[in-house]
Number of protein chains: 2
Amino acid sequence: MQPRATLHDVARLAGVSAKTVSRVYSGSSSVSPETRERILEAAKRLHFRPNTLARNLRQGGKTATVAFVMGDIRNPFYFQVAAGIEQELTKNGFTMLLASTGDAPESEPVVVDALLRQLVRALVLIPIAGDQSYLEGERHLGTPIITVDRPANDLVADTVVLANRSGMAEAVRSLTALGHRRIGFISNPSEMYTLTERLAGYRQALAEAGVADSSSWERLGNDRAISPESQVRSLLDSDDPPTAIVTGNNRATMGALRELKARPEEIALIGFDDFELAEMLGISVVAHDPIELGRAAGRLAIERIEHHAGPTRLIEIPTRLVKRGSGEIPAPGPRAD
Amino acid sequence: MQPRATLHDVARLAGVSAKTVSRVYSGSSSVSPETRERILEAAKRLHFRPNTLARNLRQGGKTATVAFVMGDIRNPFYFQVAAGIEQELTKNGFTMLLASTGDAPESEPVVVDALLRQLVRALVLIPIAGDQSYLEGERHLGTPIITVDRPANDLVADTVVLANRSGMAEAVRSLTALGHRRIGFISNPSEMYTLTERLAGYRQALAEAGVADSSSWERLGNDRAISPESQVRSLLDSDDPPTAIVTGNNRATMGALRELKARPEEIALIGFDDFELAEMLGISVVAHDPIELGRAAGRLAIERIEHHAGPTRLIEIPTRLVKRGSGEIPAPGPRAD
DNA sequence: TACCGAATGTCCATCGTTGACATGCGGCTG
DNA sequence: CAGCCGCATGTCAACGATGGACATTCGGTA
C-alpha cells in the first residue's frame with residue numbers, strides 16, 4: 001500500500017518546484033498554460049489530491065464544513081431539514097458534518113464539542129438540551145450558531161422556526177368560520193416550544209371567536225403512556241364533545257385518524273404537518289416545507305460566515321392551510337353562537 | 001474577537017511545556033495528577049479545544065470521519081439509510097460527512113473528490129454514475145469503499161443491498177398460492193439494479209407457478225412521462241387483465257392505490273416498500289428496514305477501517321412480507337391452471 | 001541599452017499537535 | 001555506593017500546504 005502523493009511528489013514528477021504546484025492548486029498567481037498542463041498531468045498520474053487538513057491548518061482553521069446537530073435521527077422531519085441545509089451548503093462549496101444527539105439532552109454538549117474540534121465554520125443546531133449557554137465561548141470566537149425549529153435557551157443565536165402560532169390560528173379560524181366553537185386540540189408528547197406556540201395559536205383563534213376557555217378540549221399528551229387515539233376517545237366521550245379537532249403534530253394526526261375512522265360521528269379534522277397520503281384520504285392540514293426550513297438555515301449560515309456582522313435574526317417559515325375536505329365539514333345543528 | 005487558544009497557550013498558563021499538555025489530551029503517557037489538574041484548570045479557563053485538523057495532519061491523515069454520498073437528498077429512503085450509518089458511526093466515535101449528488105451522475109466524482117480531500121477514513125456510496133472505476137486509485141490507498149442499495153460498476157467494493165429478488169419472489173408466491181396467475185408488475189422509472197432484481201424475483205416466482213411469459217403484464221415505467229396510475233389503467237383495461245398487482249417501489253404503490261380506489265374491480269395488491277399508513281389502509285407490502293441497511297453499511301465501514309483484510313463482501317438485508325389484507329384477496333372464479 | 005513584467009525558483013516560517021529522543025531525579029538492587 | 005530503572009517532563013523536528021520576501025531568467029519594449 002503506497003503512501004498518498006503530496007505536492008512534492010507531483011512537483012518532482014513534473015520537474016517543477018513545489019511552489020509552482022501549489023500555485024496551480026491555490027490559483028494565487030499565474031502559471032503558464034504548458035506548465036499547468038504538465039503539472040495536472042503528473043497529478044493525475046499520481047492520483048494526487050491536495051490535503052485539505054494541511055491547507056486548512058495553514059490557513060488558520062478556515063474549513064469548508066458546517067455542522068448540523070439534530071435530535072432523534074429517525075425523525076423524518078429532521079432529515080428534511082438536513083436535506084435543505086445540505087442543498088444550500090453544497091451550492092456554496094461547503095460540506096455538512098452531521099451528528100445526532102439521539103434526543104438525549106445530556107449528550108448535546110458532547111456531540112457539539114466533538115464537531116467544534118473539527119473547526120466547523122458554523123453550527124446549525126436543533127436544541128434539545130435545556131440550556132445552550134455552553135456555546136457562549138464559541139460564539140465569541142466568531143462561529144455562527146443557528147438554531148432550527150426552536151430557539152436556544154440562554155444563548156443569543158439566529159433562529160429559524162415555522163410559523164407555528166399563526167399557522168395553527170389560521171386552521172382554527174377556518175373552523176370557527178364554519179360555525180365550530182367546540183374544537184378539540186390533540187397533541188402527542190412533543191417538543192415544548194412548538195407545542196406551546198401551536199397551542200397559543202389555537203387559543204388565540206378561539207378567543208377571537210368568543211371562546212375564552214378551551215381547557216376542557218385540550219389534550220396535550222404530557223404523559224407518554226397515553227396514545228393520541230385514547231385522547232381522541234376521551235374527548236369525544238366527554239360530556240361536552242367537540243365538533244372539530246385540530247392536532248398538534250403528525251403523530252397526533254395519525255392517531256386521530258385511526259380513532260375517527262372507527263367512529264360514527266362526523267368530526268371535522270385539521271392536522272398539523274402534511275403527509276404523503278393526506279391528499280388521497282382528503283385530510284386538511286396545516287402544511288409547511290421542512291426542506292425550506294433547512295434551506296433558510298443553510299443560507300443564514302453562509303451569510304453569517306461571509307459577513308459576520310448584524311443583529312440576531314429570527315426567521316419564520318410560513319405555513320399553508322391545505323383544504324382537502326376533512327376540515328371543511330360545517331358545525332352540526334344550529335350555529336352555537 | 002480573540003484567537004482560539006492552543007496547546008501552547010494552555011501550557012504557558014499552566015506553567016508546563018506544550019508536550020505535557022498534549023500528553024493530557026492524548027493520554028499517551030503518564031502525567032502526575034497535580035500537573036494534570038493544573039492543566040485542565042488552565043484549559044477550561046481558556047475554553048481550549050484541541051485542534052483536530054492539526055492532530056490528524058500530524059498523524060498522517062487519520063481522521064475520524066466517514067463520508068456518505070447519496071443521490072436525491074429528498075428521497076426519504078436514503079435518509080433512513082443515512083440515519084442507520086450515523087448511528088453506527090457515532091457509537092464508534094466517528095462522525096459522518098454527508099453529501100448528495102442530486103441524482104446527477106456526472107456530479108458523483110466531483111462530490112466524492114471533495115470528500116476524499118478531507119481524508120475521510122471510509123467512503124459509503126449510493127452509486128449513481130455509470131462507472132465507479134475512478135475510485136480504483138483511492139481503494140489502493142487503503143480507503144474502504146462500501147456501496148449501498150446497489151453494487152458499484154467496474155470497481156471491487158463491499159456492498160450492502162436489500163434482498164430484492166427473494167423478497168419480491170416471496171410476495172408473488174403468496175399470490176400464486178391464492179390461485180393468481182395473471183399478476184401485473186408496475187414500476188416507476190427507478191434505479192436499474194433494484195428494478196431488475198425485483199423483476200427477476202417476480203418472473204422467477206411466476207415461472208415456478210407455470211407462467212413462463214409474463215411480459216404482457218409488465219409495466220416497467222421506462223418513460224418518465226407515464227404515471228403509475230396510467231400504467232395500472234392500461235393494464236386493467238387490456239384484453240387480458242391481471243387479477244393481482246405487485247409494485248416495484250413506493251411511488252408505484254401510491255399510484256396503484258389511487259387508481260384502484262377509483263375502480264370497481266377487486267384486485268389483489270402487494271407493494272414493495274412499507275409506508276406509514278399501510279397498516280391503516282390494509283395494504284400488504286414487502287417491508288424492509290432501511291435503517292438496518294444503513295447500520296450494516298456503517299458496521300462494515302468500521303470493520304474495514306479496523307482490519308483492512310478480507311475478501312469483498314456482499315451483504316443482503318432481508319425483507320419481510322407483511323400481510324394486511326390487500327394481498328390476501330384470492331383469485332376470482334375457477335382456478336386458471 | 002536599460003528596464004519591465006511574467007513565470008518560476010529558493011528559502012524559511014507557519015498553522016497546532018505529536019512522535020522520537022533526551023534529561024533529571026529519586027529509589028531500588030547487589 | 002555504583003549502576004540501573006522508570007517516571008515526569010522537556011526539546012526538537014515533522015506532518016503537508018502555503019505565504020512572504022526575494023532572486024533569477026527571458027522575451028519584449030521604450
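Please read all numbers here as calculations on a predicted model, not as lab measurements. The sequence lines fix the lettering, A, B, ..., with proteins before strands; numbering per chain opens at 1.
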Q: What's B:Ser22 touching, base or sugar-phosphate or nothing? Going by heavy atoms closer than 4.0 Å.
A: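 The answer is base, as B:Ser22 lies within the cut-off (heavy atoms under 4.0 Å) of a base atom.
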Q: Quick one: on DNA chain D, does A:Phe48 or B:Ser30 contact a more 5' nucleotide (nearest heavy atom)?
A: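 Closest to the 5' end, via its nearest nucleotide, is B:Ser30.
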Q: State the CD-CZ distance between A:Glu86 and A:Phe68, to the nearest 0.5 angstrom.
A: 12.0 Å
Q: Which residue, B:Val81, B:Leu314, B:Leu293, forms the side chain to side chain contact (heavy atoms under 4.5 Å, CB included) with B:Val160?
A: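 One option only clears the test, and that one is B:Leu293.
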Q: What is the distance, rounded to the nearest whole Å, between atom CG of B:Leu7 and atom P of D:dA13?
A: 18 Å
Q: Rounded to the nearest Å, what distance is computed from the CZ atom of residue A:Arg117 to the C1' atom of nucleotide C:dT18?
A: 15 Å
Q: Give the minimum heavy-atom separation between B:Leu40 and B:Val24, together with the two atoms involved.
A: CD2-CG1, 4.0 Å
Q: By the definition side chain to side chain contact (heavy atoms under 4.5 Å, CB included), identify the one residue from B:Pro151, B:Pro109, B:Pro127 that meets it with B:Gln132.
A: B:Pro127
Q: Could you state the NE2-P distance from A:His8 to C:dC12, rounded to the nearest angstrom?
A: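 Rounded to the whole Å, the gap is 13 Å.
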Q: Look at the side chain of A:Arg55 and decide which nucleotide, out of C:dT18, D:dT18, C:dC15, has an atom nearest to it.
A: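 Among the listed nucleotides, the one closest to the side chain of A:Arg55 is D:dT18.
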Q: Please tell me if A:Thr6 has a side-chain N or O lying less than 4.0 Å from either OP1 or OP2 of D:dC15.
A: no
Q: Using the closest heavy atom to pick a nucleotide of DNA chain C for each, name whichever of B:Leu53 or A:Val16 lands nearer the 5' end.
A: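 This one resolves to A:Val16.
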Q: Respond yes when some side-chain nitrogen or oxygen of B:Ser32 is under 4.0 Å from OP1 or OP2 of D:dT9, and no when none is.
A: yes
Q: NZ of B:Lys19 versus C1' of C:dG16: gap in Å, rounded?
A: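 Result: 13 Å.
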Q: Would you kindly give the CD-to-C1' distance between A:Gln59 and D:dG16, to the nearest whole Å?
A: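 Rounding to the nearest Å, CD of A:Gln59 and C1' of D:dG16 are 12 Å apart.
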Q: Before accepting this row, confirm whether a basic side-chain N of the pair A:Lys91/A:Glu88 lies closer than 4.0 Å to the acidic partner's carboxylate O.
A: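 Yes, this pair counts.
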Q: Rounded to the nearest angstrom, tell me the gap between atom CD in A:Glu37 and atom P in C:dT8.
A: 13 Å
Q: Tell me whether the side-chain N/O atoms of B:Ser17 come closer than 4.0 Å to OP1 or OP2 in D:dG10.
A: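 B:Ser17 to D:dG10 OP1/OP2: side-chain N or O found under 4.0 Å.
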Q: Which nucleotide sits closest to the side chain of B:Arg58: C:dT8, D:dG16, C:dT17?
A: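 Nearest nucleotide to the side chain: C:dT17.
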Q: Any donor-acceptor pair under 3.5 Å between the side chain of A:Arg23 and the base of D:dG19?
A: no
Q: Measure CZ/A:Arg38 against C1'/C:dA7 and give the value in whole Å, please.
A: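 So the two atoms are 12 Å apart, to the nearest Å.
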Q: For the pair made of CG in A:Leu57 and P in D:dG16, what is the distance, rounded to whole Å?
A: 12 Å
Q: Just to be sure I understand the rule, does B:Val21 reach a base, reach only the sugar-phosphate, or reach nothing, if contact means heavy atoms closer than 4.0 Å?
A: nothing
